[in-house]
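Notes follow once the structure below has been shown.
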Amino acid sequence: MKITPRDYQEALMAKALAAFQSGKKRPLVVAATGAGKTVVFSCIAQRASAKGNKVLILAHRDQLIKQASGKLRDYEVQHGIIMAGFTPNPNAKVQVASVQTLVRRLKKMRFIPDLIIIDEAHLSAAKSYIDIINHFSKARVLGFTGSPCRLDGKPLGADSGGIYDDLIQAITIRQLIDRGFLVQPKVYGAPQEIDLTGIKKSMGDYNTEQLAEAVDKPRITGDAIAQYKKICPGAPAVAWCVTVQHAQHVADEFNAAGIKAVMLCGEHDTAYRDAALRGLETGEIQVVTFVGILVEGVDCPAISAIILLRPTMSLSSYLQVIGRGLRPYTNAAGVKKEVCYVLDHASLWRKHGFADEEREWDLNGEVKLPGKKKDKEKGVDLIQCGGCFAVFEPAPVCPNCGKPVETKARKLDQVDGELVEITAEMREAVRKDKQREVKGAKTLEELQRIAAQRGYSPGWAKATFEARKRTREKYRPARPKEPSMAELQSMTLEQLERVANEQGWPRDFPSEFFYTKGAGAQPDNNQQTLGGF
């Protein structure tokens, strides 16, 4: 079966080919969740193998490997699977391999690839990937990721010690929404940020045990259930939790409230997971709580609501989880999914922004949000519809129900436990408030307090403080040469004041020196000379 890529997928493959033709050996493709990365690299594998090339596709989870294998099978691409529990097919020109399995079998491998394709390539800074790439050093490498940044801060660019020598930025979430390939996320968040002070970091993210203790509370879970029932009752939803125990507690509470829920974790096999996701499609299950397992490699378009109960430092995981709910879907009754509800109890929108914001990536793990307006500071003025109670930026009519509304804006009142729809204006105001707080911090201790409250990495405060010192030193005017004693003694009081200011001397130095040692000193008439002896 011939693959028929979408126009932007064809353009992406053309960019990758052009990169190789220009002399690049290891380009990295950044394509948003929902762009169809599996389709793209399956098409590349199909075309490359048809020309006699051997292709190795690397992934780190069994569901990603099975997903890639399934797509290749759909397109009738003969391939083998290198993973425990599968019978090898060494004669196939395309191999889909588990990184963990392949790295243990490298010395026995007879398959020598011409092209290595890496799924979830932001993980490829790990030693296991490096060992595989070095073993097949003559092969070209093509990485695919939704966000090229890592929790440990390791850069992916070859110039900084990483793997990749070029970055290809493909279609974004915003562009996919505008073209109708994804639905719009509708974000509801708590006005107040969660206090994570005291929670330690482990492997770049929050310590799971301490984090679970902070969020696995009846009030938070109760809010999650109440807000689901209020904002999107009955919508097929997934809830991102911290630990297995936390996920089970949340599922139990949803069930106790009459909302059918199940918990999924890595201990469940594929059949159990698939049955749970089918339950979301049929309506037999309304909420699936999960830990980690649904972050990657899940294709369940029926998901219409994302419940975020897990604070995280990982932008990549945040975007991937929200991406689970952005695919278009029409149910058996013909009802079309119009939006994906994001119920952000973890205040992740404050740290990571909106999923559909345009981002500029680079190979050093940096990300920028371009196009920020340099407007004057202003408050967050919102209007609440008297008909449907939607919250939105000032407008003559409600964008949700069309009811005319008063043009007079009001400040949004915070109600404990209530989620409110987060607008772009609201997020921008929070961003500016954070910037002002950082700029106002004068000492290292103040910056460390901000870092602890926001969950920044331990080195952020020191790095910020040191950067400020370097900037001050760089732009500090050069200090003039210090005058000699003879020069000082001949100066007027005004000249001494100027010199003291330039040299950073005490304020009382000019007058004290002028009247005791300088030009203003009075001679002592009682002092005897040597000739008086």
Side-chain angles (χ1 to χ4, degrees), residues 153 155 159-160 193 195-198 200-201 350-351 360 362 364-380 411 427-533:
D159 293 339
S160 303
E193 192 168 3
D195 184 6
L196 300 174
T197 304
K200 297 180 180 179
K201 304 293 193 309
R350 294 177 181 270
K351 182 170 185 60
E360 293 179 355
D362 67 29
N364 293 317
E366 298 293 331
V367 56
K368 297 179 181 179
L369 301 176
K372 292 298 178 186
K373 296 180 180 179
K374 304 295 183 181
D375 53 0
K376 295 181 180 180
E377 300 295 333
K378 54 185 177 181
V380 184
K411 294 286 184 179
R427 201 200 72 80
E428 178 69 1
V430 170
R431 184 183 70 85
K432 289 179 178 179
D433 285 342
K434 285 186 172 184
Q435 285 183 337
R436 281 198 298 271
E437 186 181 12
V438 172
K439 288 180 180 178
K442 303 301 182 184
T443 66
L444 177 59
E445 290 72 21
E446 289 175 319
L447 289 169
Q448 289 172 335
R449 176 184 56 78
I450 292 173
Q453 289 176 343
R454 299 184 186 179
Y456 291 168
S457 63
W460 174 84
K462 185 176 181 181
T464 302
F465 188 74
E466 294 296 330
R468 287 182 179 178
K469 286 176 58 179
R470 289 193 297 271
T471 301
R472 286 195 297 268
E473 292 296 331
K474 180 178 179 181
Y475 293 103
R476 180 179 292 166
R479 179 180 293 179
K481 181 182 178 181
E482 184 175 317
S484 66
M485 177 62 72
E487 290 171 329
L488 290 172
Q489 288 175 330
S490 66
M491 289 182 182
T492 65
L493 179 59
E494 183 179 2
Q495 289 173 326
L496 285 169
E497 288 174 344
R498 186 179 68 250
V499 169
N501 184 56
E502 291 173 348
Q503 299 295 327
W505 293 343
R507 290 184 179 182
D508 56 356
F509 169 81
S511 59
E512 184 176 324
F513 183 90
F514 181 77
Y515 290 114
T516 59
K517 300 180 182 179
Q522 298 298 320
D524 187 352
N525 296 325
N526 295 321
Q527 183 177 7
Q528 295 180 339
T529 65
L530 290 176
F533 285 96

With a cut-off of 3.5 Å and sequence neighbours excluded, list every side-chain donor-acceptor pair involving residues 491-499.
unit_1: Thr492; atom_1: OG1; unit_2: Gln495; atom_2: N; d: 3.2
unit_1: Thr492; atom_1: OG1; unit_2: Gln495; atom_2: OE1; d: 3.4
unit_1: Gln495; atom_1: OE1; unit_2: Thr492; atom_2: N; d: 2.8

Please output the side-chain donor-acceptor pairs of residues 501-513 that fall under 3.5 Å, not counting sequence neighbours, one pair per line with the distance.
unit_1: Gln503; atom_1: NE2; unit_2: Pro480; atom_2: O; d: 2.8
unit_1: Ser511; atom_1: OG; unit_2: Asp508; atom_2: O; d: 3.4

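- Applying the side chain to side chain donor-acceptor pair (under 3.5 Å) rule to Ser160 yields the partners Asn364; only residues at least two apart in sequence or on another chain are considered.
- Rounding to the nearest 0.5 Å gives a distance of 13.0 Å between CG of Leu447 and NZ of Lys462.
- Qualifying side chain to side chain donor-acceptor pair (under 3.5 Å) partners for Gln489, counting only residues two or more places apart in sequence or in other chains: none.
- In this structure, Thr516 has no side chain to side chain donor-acceptor pair (under 3.5 Å) partners at least two apart in sequence or on a different chain.
- The distance from atom CD of Glu446 to atom CZ of Phe465, rounded to the nearest 0.5 Å, is 10.0 Å.
- Counting only residues at least two apart or in different chains, ring pair (Phe, Tyr, Trp, His ring centres under 6.0 Å) contacts with residues 480-504 are absent.
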